Amino acid sequence: MATDTLFVIGLMMIVSLTWAMLALPRLRKRLPKIYLIARSWWLMLAALCACYVIAKITDNSQPSQPPTYPYQWLLITFFVLIGLRGSYEIKRLWCLRNKAVLIHKLQARGLQANTQPFSKTLSHSPQAYTRLNLLDLFFSFAFITLIISLIALQQLIWQREQYGVLFFVLFASQFNDIAQYLCGRLLGHKLFKRGLAPIISPNKSIEGALFGSMLAALLATLLGIWLTPFSWWICLLAAYGLAVSGIAGDLLESAFKRQHGVKDTGTMLAGHGGVLDRVDSLLIGVPLFTLFYWLLG
């Protein structure tokens with residue numbers, strides 16, 4: 001069995017078992033937010049893995065020709081749907097009336113903190129739109145570039161038959177989120193009094209970013225050695241690059257949300273927020289990785 005298939009099976013088993021344990025009444029009552037996070041993780045991974053497995057089905061009806069993948073469109077559709085949902089979340093923040101509805105939803109669920117925007121846009125019209133500034137345009141460009149890069153990366157991976165590269169890229173960034181959180185909780189503000197970006201993201205510490213990115217790079221390197229044909233030092237460089245760029249993407253999305261005075265961009269993914277809140281660490285790293293993967297292939 002291929003290593004990427006083993007990874008998908010093992011991943012779904014671990015996430016399913018975690019969700020099942022957290023669904024126990026006692027644990028669910030004590031850890032309600034963790035339960036919601038695990039449930040959202042299961043739903044996201046189930047959709048991704050299902051599209052991935054189906055997309056790998058080959059058509060060998062013509063033995064003299066290289067195998068084709070007639071169901072690649074399913075994985076592309078998955079990325080396009082993420083793009084459409086994320087674009088909707090961006091547009092919703094540009095419209096003052098829709099933004100007010102979102103803030104009301106976040107407050108009703110206890111998710112909206114007292115987040116003050118960088119600049120206030122006042123208007124007497126409930127349907128008025130905010131004026132787009134450089135940050136709005138740059139964030140929108142980065143998100144569109146991410147979706148295009150995911151589709152291009154998938155095409156390159158299928159052409160080269162290096163399927164595990166996709167999971168290496170996606171999970172290198174996710175490892176970084178988890179490692180930063182853990183290192184930030186354990187070491188935050190013990191070595192450096194100042195935070196990483198106190199105005200944009202007050203909870204981020206330099207210790208969490210520094211040690212978290214190192215830990216994430218090591219974990220992702222081990223994953224890369226198993227899933228990809230790359231040598232260990234290429235896996236390490238790529239993993240560390242994805243970790244650092246993940247921090248930059250996270251700060252970019254935090255600045256975008258801070259400007260619009262919201263804590264999350266949506267409520268679609270319980271425990272996570274919106275689609276933009278889940279893919280922020282991919283905003284910069286995936287396009288850069290796709291470019292280098294294409295040039296070095």
Side-chain angles (χ1 to χ4, degrees), residues 44 48 75-99 102-103 115 117-121 128-157 165-166 169-174 176-177 180 196-197 199-201 204 209 213 238 240-266 268-269 272-297:
M44 290 186 292
L48 173 63
L75 194 55
I76 294 174
T77 302
F78 178 76
F79 294 140
V80 170
L81 290 176
I82 292 176
L84 291 175
R85 176 64 193 188
S87 299
Y88 166 74
E89 292 178 3
I90 293 174
K91 181 179 179 295
R92 179 168 56 183
L93 292 178
W94 290 346
C95 179
L96 297 181
R97 181 180 61 180
N98 293 340
K99 184 196 297 187
L102 171 63
I103 292 176
T115 304
F118 288 143
S119 59
K120 298 181 180 180
T121 305
Y129 285 80
T130 60
R131 292 183 178 180
L132 304 185
N133 57 27
L134 187 61
L135 179 58
D136 288 314
L137 296 176
F138 182 71
F139 180 80
S140 302
F141 173 78
F143 179 70
I144 294 172
T145 304
L146 167 64
I147 301 303
I148 295 174
S149 298
L150 284 171
I151 296 173
L153 179 63
Q154 184 265 336
Q155 292 293 299
L156 288 171
I157 288 171
V165 173
L166 180 63
V169 173
L170 295 179
F171 279 87
S173 301
Q174 302 311 308
N176 188 45
D177 290 344
Q180 274 195 76
L196 181 64
I199 297 177
I200 298 175
S201 184
K204 285 194 176 298
S213 60
Y240 190 71
L242 288 167
V244 173
S245 60
I247 297 172
D250 190 13
L251 291 177
L252 174 61
E253 200 235 0
S254 295
F256 175 73
K257 291 189 296 184
R258 174 76 61 172
Q259 173 172 275
H260 290 280
V262 296
K263 188 175 184 297
D264 294 326
T265 61
M268 180 181 179
L269 301 173
H272 295 274
V275 165
L276 296 176
D277 298 307
R278 187 62 271 155
V279 302
D280 55 357
S281 59
L282 305 174
L283 285 172
I284 298 175
V286 169
L288 290 176
F289 180 90
T290 302
L291 177 61
F292 285 112
Y293 185 65
W294 173 63
L295 292 175
L296 299 176

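The model shown is predicted, which means the values in this text are computed figures rather than measured ones.
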Roughly how far, to the nearest 0.5 Å, is the [atom2] atom of [Y] from the [atom1] atom of [X]?
{"X": "Ser213", "Y": "Ile247", "atom1": "OG", "atom2": "CD1", "result": "5.0 Å"}
{"X": "Leu276", "Y": "Ile82", "atom1": "CG", "atom2": "CD1", "result": "10.5 Å"}
{"X": "Leu291", "Y": "Leu296", "atom1": "CG", "atom2": "CG", "result": "9.0 Å"}
{"X": "Leu166", "Y": "Leu75", "atom1": "CG", "atom2": "CG", "result": "6.5 Å"}
{"X": "Asn98", "Y": "Ile103", "atom1": "CG", "atom2": "CD1", "result": "11.5 Å"}
{"X": "Arg258", "Y": "Lys263", "atom1": "CZ", "atom2": "NZ", "result": "10.5 Å"}

Closest non-hydrogen atom pair between [X] and [Y], with its separation:
{"X": "Ile200", "Y": "Ser254", "answer": "CG2-CB, 3.6 Å"}
{"X": "Leu93", "Y": "Lys99", "answer": "O-CE, 2.9 Å"}
{"X": "Glu253", "Y": "Thr265", "answer": "OE2-CG2, 3.5 Å"}
{"X": "Ile284", "Y": "Ala248", "answer": "CD1-CB, 3.7 Å"}

Could you note down all residue pairs passing side-chain hydrogen bond (donor to acceptor under 3.5 Å, both in side chains) where residues 77-87 supplies at least one of them, sequence neighbours left out?
-> Arg85-Glu89

Report yes or no: does [X] contribute a side-chain atom to a donor-acceptor pair with the main-chain N or O of [Y] at less than 3.5 Å?
{"X": "Ser201", "Y": "Ala197", "value": "no"}
{"X": "Asp264", "Y": "Gly274", "value": "no"}
{"X": "Lys257", "Y": "Val262", "value": "no"}

Does a side-chain N-to-carboxylate-O contact under 4.0 Å join Arg278 and Asp177?
-> yes

For a ring pair (Phe, Tyr, Trp, His ring centres under 6.0 Å) with Phe256, tell me which candidate from Trp94, Phe139, Phe138 qualifies.
-> Phe139

Partners of Leu282 by side-chain contact (heavy atoms from CB on, under 4.5 Å), sequence neighbours excluded?
-> Leu146, Leu170, Ser173, Gln174, Val279, Val286

Who pairs with Val165 by side-chain contact (heavy atoms from CB on, under 4.5 Å), at least two apart in sequence or on another chain?
-> Ile157, Gln162, Val169, Thr228, Pro229, Phe230, Phe289, Tyr293

Could you walk me through whether Leu135 and Leu252 pass the side chain to side chain contact (heavy atoms under 4.5 Å, CB included) test, one step at a time?
-> CA-CA 9 Å; Leu135 179 58; Leu252 174 61; 3.8 Å; yes

Using distance alone, with no hydrogens and no angle criterion, decide if Asn133 and Gln259 have a side-chain donor and acceptor under 3.5 Å apart.
-> yes

Using the side chain to side chain contact (heavy atoms under 4.5 Å, CB included) rule, take Ile148 and Thr290 through it: C-alpha gap first, then chi angles, then the decisive distance, then the call.
-> CA-CA 10 Å; Ile148 295 174; Thr290 302; over 6 Å; no

Within 6.0 Å of CG in Leu137, more than 12 heavy atoms from elsewhere = yes

